[in-house]
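These notes are about the structure you will find just below.
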Number of protein chains: 2
Amino acid sequence: MKINTKVRYGLRAMIEIAEKDNLTGILQKEIAEKQDIPLNYLDSIISGLRGAGLIINAGGKGSGYFIAKAPENISVYDIYRAFEADLTLVQCSCDANECLRSDYCPTKDYWFMLNKTIKDTMKATTLYQLLENKK
Amino acid sequence: MKINTKVRYGLRAMIEIAEKDNLTGILQKEIAEKQDIPLNYLDSIISGLRGAGLIINAGGKGSGYFIAKAPENISVYDIYRAFEADLTLVQCSCDANECLRSDYCPTKDYWFMLNKTIKDTMKATTLYQLLENKK
DNA sequence: TTGCATTCGACTAATTCAATAGAATTACTT
DNA sequence: AAGTAATTCTATTGAATTAGTCGAATGCAA
């Protein structure tokens, strides 16, 4: 049970992008420097965030990145989902065919509950709250 | 973010062991059959549970395994800990030296909170509750 | 002493993770 | 139009982890 680096870096990159005033975008290079993320690696992070519709690159080359929606409308889980499939702690709890004992297995419901708790917690915190917390 | 098979199998094995009447222990072979766990693999699971003090093998050969404490005193997290180190979603949140920006990083506190939520949830459910749920 | 149960450690195949490298593309600047 | 910096894409790598297997050693009991 670990949060992988893409999600961790992704969250940090989002904060960096969100913090920037909306007048000028922020360049990958600048994010990489401020957050100590290898530039080459960061581009796959940026690519994930862009694909998830969380950031946009307004114009071409030097325009930099902007946040795509208001920070209060972006949850940590949104960022998680930019890099990972829907959270599934154990396979059987989302796919009953996965396991023959599914009908009477008491662990299935438990893992499902834990899964929901984690997911709900990630959905409950927004980027806005993280930014407030920083001040 | 996955629960690995040792923890999953370990929980199922514990339920199997706890369900058995206290008069006779349960053999590895029996657990393996009832829970569809490869016998060879199960022995490392058993070893983990035994090492954590959750089960005991009373006598020698055919005596089988018994649960070491009352099911209401065994949490899911106890079983998790039989196979895994203390839950640490991200390294920096438990080791401030790990990261230079630790002092002002707003993600650190967030991951720490999520970490605690997950851990508390696993601590809050006991084996007893899972057995009740099965009935 | 034979057999079954248990225990231990080494090993492996497959997968995932984190990061790098290089090429291709884009579009601003002059 | 040419040069250049930024961006995007694809492929690759090395390390680590996971899930499981295998074989041998040990222990006890009939």
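Numbered from 1 within each chain, the chains take letters A, B, ... in sequence-line order.
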*Rounded interatomic separation in angstrom, taking CG from Leu42(A) and P from dA21(C)*: 16 Å
*Could you run through nucleotides 13-19 of chain D and give me one letter per nucleotide, 5' to 3': B if any protein heavy atom sits under 4.0 Å from the base, S if only the sugar-phosphate is that close, - if neither?*
------B
Produce the list of close N/O pairs, under 3.5 Å, pairing protein atoms with atoms of nucleotides 9-12 of chain D; give distances to one decimal.
residue: dC9(D); atom: OP2; partner: Arg50(A); partner atom: NH2; Å: 3.3
residue: dC9(D); atom: N4; partner: Asp43(A); partner atom: OD2; Å: 3.2

*Taking atom OH of Tyr128(A) as the centre, does the number of heavy atoms from other residues, nucleotides or ligands within less than 6.0 Å exceed 12?*
no
*Using only side-chain N and O atoms of Gln28(B), determine if any of them is under 4.0 Å from OP1 or OP2 of dT7(C).*
yes
Which atom pairs, donor and acceptor, lie under 3.5 Å between side-chain atoms of residues 25-33 of chain A and protein residues at least two apart or in another chain?
residue: Gln28(A); atom: NE2; partner: Tyr65(A); partner atom: OH; Å: 3.4
residue: Glu30(A); atom: OE2; partner: Lys20(A); partner atom: NZ; Å: 3.4

*Proximal nucleotide (of dT6(C), dT7(C), dT20(C)) relative to the Pro38(A) side chain*: dT20(C)
*What residues form a salt bridge (charged side-chain N to carboxylate O under 4.0 Å, His left out) with Asp120(B), not counting sequence neighbours?*
Lys116(B)
*asked:* Checking Tyr77(A) against Asp86(A): is there a side-chain donor and acceptor pair closer than 3.5 Å?
replied: yes
*Rounded off to whole Å, could you give me the CD1-to-P distance for the Ile45(B) and dT6(C) pair?*
15 Å
*Check salt bridge (charged side-chain N to carboxylate O under 4.0 Å, His left out) between Glu16(B) and all other residues, then give those that pass, not counting sequence neighbours.*
Lys34(B)
_Nearest whole Å is fine: how far is dG20(D) P from Ile37(B) CD1?_
10 Å
*Dot-bracket encoding per residue of DNA chain C, Watson-Crick/G-U cut-off under 3.5 Å, | denoting interstrand*: ||||||||||||||||||||||||||||||
*For the side chain of Ser47(A) and the backbone of Asp43(A), is there at least one donor-acceptor N/O pair under 3.5 Å apart?*
no
